[in-house]
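Structure, as structure tokens:
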Amino acid sequence: MTHNVSVEVTDGFHLVIDALKQNGIDTIFGLVGIPITDLARLAQAEGMRFIGFRHEQNAGNAAAIAGYITQKPGICLTVSAPGFLNGLTALANATTNCFPMILISGSSEREIVDLQQGDYEEMDQLNIARPHAKAAFRVLKAEDIGIGIARAIRAAVSGRPGGVYLDLPAALLAQTIEANHGKRSLVQVVDPAPRQLPAPESVDRALALLKGAKKPLILLGKGAAYAQADDDIRALVERTGIPYLPMSMAKGLLPDTHAQCASAARSFVLAEADVVVLVGARLNWLLAHGKGKTWGKPKQFVQIDIAPTEIDSNVAIAAPLIGDIGSCVGALLAGLDRAGIDKPEGEWLAAIAEKKETNVAKMAALLDKNPAPMNFHSALRAIRDVLKQHPDINLVNEGANTLDYARSIIDQYQPRKRFDSGTWGIMGIGMGYAIGAAVVSGKPVVAVEGDSAFGFSGMELETICRYDLPVTTIIFNNNGVYKGTDVNPTGGAEPAPTVFVKNARYDKMIEAFGGIGYNATTPEELTRALSEAIAAGKPALINAVIDETAGTESGRLTNLNPQSAAKK
Ligand code: ADP
Ligand code: TZD
């Protein structure tokens with residue numbers, strides 16, 4: 001950009017885009033307005049992808065899942081105050097799930113905001129973001145943009161990944177500096193997420209614990225999936241012969257059909273194991289905090305994690321192994337022979353095999369039924385069978401019953417192909433994750449959504465159609481949150497808190513934007529619609545009509561409702 005004949009100048013807008021590009025970032029998810037519209041335009045003009053959303057939360061969710069899939073921070077761009085706050089839920093969700101993303105928000109004039117003089121979209125965004133982010137920065141001088149973006153990238157992806165907030169005031173974007181000076185101020189981040197090797201004595205301690213185990217178990221979490229150490233993780237599982245359990249987003253790290261997969265005997269192995277190796281999985285609510293009935297017999301843990309403060313968070317950890325998962329798993333592998341670790345005893349493996357067989361038979365009986373209308377099982381059987389033919393498809397999944405049943409019924413065959421409500425159990429990630437996954441993977445996406453869950457991000461169907469993304473959304477339509485059967489106890493006309501309009505036709509929504517809509521009332525119709533939609537590679541939505549009496553309150557979390565919890 002040339003402002004006068006003698007000195008070539010650049011400005012904040014250009015420096016932000018140049019800094020991102022220089023660090024290999026090629027996509028921005030966002031929603032435009034003052035003061036960032038021109039930033040989005042410039043990004044596109046400079047060859048980046050700008051994917052424009054209808055609500056910032058969905059753009060943020062797309063950025064977060066892009067970060068999880070690629071190990072590069074996903075970028076979400078928003079306007080100030082309300083746009084920023086809309087994006088903040090996604091930033092907090094990314095931080096909670098350990099996904100690397102950067103929320104970049106434009107902000108109003110500092111002088112006015114700090115004196116609270118009532119600027120357009122006035123808000124002290126930096127301070128509001130701080131507790132919800134792994135790190136938060138503001139850049140005030142154009143010559144600091146390079147450093148600001150470098151710090152944001154490194155904070156997002158190094159150590160335990162998370163969400164980072166970057167505040168860019170409007171005045172900064174318009175600031176001009178000499179072009180050469182600007183160029184020199186940019187930073188190419190070297191080795192943004194360096195390997196972190198575990199201490200040798202920690203490795204020996206973990207191996208010694210494993211050596212003494214009679215009933216060992218490996219538990220793979222989404223940290224293991226994120227780490228992209230797929231071959232070493234498979235080698236550890238197969239060379240030790242230890243049965244393993246994948247957490248929901250770690251499904252597919254090894255195919256769910258693997259002989260050592262103990263998912264079908266989950267309760268049994270959690271209760272019975274004596275030594276559990278946690279690989280990138282936290283002992284939070286999703287694992288019953290590592291104690292209580294779920295965990296049955298006393299046990300000892302090896303915990304592999306990059307965050308040292310995760311250790312002993314819920315129960316005492318006998319053998320912490322701190323480092324990146326690739327390095328830690330590699331070190332264990334290298335020590336297996338030295339430590340003399342043999343395959344687990346046949347008795348343990350036989351007991352698991354027997355339990356699996358019984359449970360698989362029980363599930364098969366449920367799956368084989370053909371009730372009319374469909375229930376969760378018969379609809380998911382149809383989806384499972386179609387997806388088996390497409391092992392590289394991305395699966396997004398949210399809802400209560402829809403999430404719980406799909407997680408156990410649909411097999412995953414490849415790593416990082418399942419994206420769901422995650423650590424918070426959040427509803428609303430559906431269309432954002434679907435768009436993010438489609439954009440960065442270039443592969444089709446199937447989103448299996450409860451009707452309530454879908455509602456949080458449903459307007460992004462327009463975005464999916466606008467960018468012509470190969471996303472098929474399947475709505476499990478049972479007329480409400482959890483179920484569709486509640487009635488107002490007063491007999492009044494106002495609907496009960498959990499119910500929706502009966503027999504809604506979600507398929508008509510996508511038709512408004514030129515997508516393909518299907519209404520499926522039987523497993524056969526669902527199979528046909530899904531096969532056709534995937535083959536077409538076009539935006540599609542299937543309204544799957546599910547029995548409104550099927551399912552339970554809160555899916556499998558019934559026990560967390562205060563009334564049930566109080567009874568415990
Ligand atoms: P899940 O929900 O699947 O059980 P969590 O999100 O609870 O998994 O746990 C993921 C864990 O993985 C976090 O504690 C995080 O610090 C850790 N983690 C993330 N990336 C890495 C990595 N590259 N190396 C080691 N640990 C990692
Ligand atoms: N709001 C947000 C952001 N997250 C939440 N988890 C909830 C509300 C509470 N909630 C759940 O935990 S699941 C759920 C809600 C509203 C929806 C369940 O209904 P559904 O699924 O139609 O999506 P099923 O399959 O019919 O149970």
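Not measured: the values here are computed from a predicted model. Atoms within each ligand, like the ligands themselves, are counted from 1 in listed order. All residue numbers refer to positions in the sequence shown, counting from 1.
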Side chain of K72, backbone of N23: donor and acceptor closer than 3.5 Å? no
Flag side-chain contact, heavy atom, 4.5 Å: N401 against I546: no
As a quick check of understanding, evaluate salt bridge (Lys or Arg N to Asp or Glu O under 4.0 Å) for R282 and D305, giving each step before the final call. CA-CA 9 Å; R282 287 170 285 184; D305 207 293; over 6 Å; no
Which heavy atom of the protein is the closest neighbour of atom 20 (N) of ligand 1, given with residue, atom name and distance? Y226 CD2, 3.7 Å
Could you check which of G221, G280, G422, G223 puts a non-hydrogen atom nearest to atom 9 (O) of ligand 1? G280
Indicate yes or no: at least one non-hydrogen side-chain atom of N97 is less than 4.5 angstrom from one of Y68. no
Could you find the nearest protein heavy atom to atom 13 (C) of ligand 1 and give me its residue, atom name and distance? D305 OD2, 3.3 Å
Those residues with a heavy-atom separation under 4.0 Å from ligand 2 are F376, G399, A400, N401, T402, G425, M427, G450, D451, S452, A453, F456, N478, G480, V481, Y482
Any S248 heavy atom less than 4.0 Å to ligand 1: no
Specify the closest pair of heavy atoms between Q57 and A90, including all atoms of both residues, with the distance to one decimal. O-CB, 3.6 Å
Of all residues at least two apart in sequence or in a different chain, which pass the ring-ring contact (aromatic ring centres under 6.0 Å, His included) check with F454? Y506
shortest atom 7 (O) of ligand 1-to-protein heavy-atom contact is with R282 NE, 2.9 Å
What is the closest protein heavy atom to atom 26 (N) of ligand 1, and at what distance does it sit? I306 N, 3.1 Å
Looking only at protein heavy atoms, what sits closest to atom 3 (O) of ligand 1 is K222 N, 2.7 Å
Residue portion contacting ligand 1 (non-hydrogen atoms closer than 4.0 Å) for M247: side chain
Using distance alone, decide if ligand 1 has a nitrogen or oxygen within less than 3.5 Å of any nitrogen or oxygen in I325. yes
Min side-chain heavy-atom separation E238-H258 under 4.5 Å: yes
Taking only heavy atoms of G323 into account, list the atoms of ligand 1 that are under 4.0 Å away from them. 24 (N), 25 (C)
Measure the spacing between CD1 of I69 and CZ of F99 and express it to the nearest 0.5 Å. 9.0 Å
Taking heavy atoms and a distance under 4.0 Å, where does N284 meet ligand 1: side chain, backbone, both or neither? side chain
Regarding ligand 1, does D324 bring an N or O atom to under 3.5 Å of one of the ligand's N or O atoms? no
Partner residues of H55 under the ring-ring contact (aromatic ring centres under 6.0 Å, His included) criterion, sequence neighbours left out: none
So is E310 polar-close to ligand 1, meaning N/O to N/O under 3.5 Å? no
Is the number of heavy atoms from other residues, nucleotides or ligands under 6.0 Å of R160 CZ greater than 12? yes
Which atoms of ligand 1 are found less than 4.0 Å from any heavy atom of R160? 13 (C), 14 (O), 15 (C), 16 (O)
For F301, the ring-ring contact (aromatic ring centres under 6.0 Å, His included) test, sequence neighbours excluded, returns W295
Worked verdict on E272 versus K297 for salt bridge (Lys or Arg N to Asp or Glu O under 4.0 Å): CA-CA 6 Å; E272 293 293 321; K297 303 216 169 110; 2.6 Å; yes
Starting from atom 23 (N) of ligand 1, locate the nearest protein heavy atom and write down its residue, its atom name and how far away it is, to 0.1 Å. A227 CB, 3.7 Å
Closest contact, heavy atoms only, G326 versus A229: CA-CB, 3.7 Å
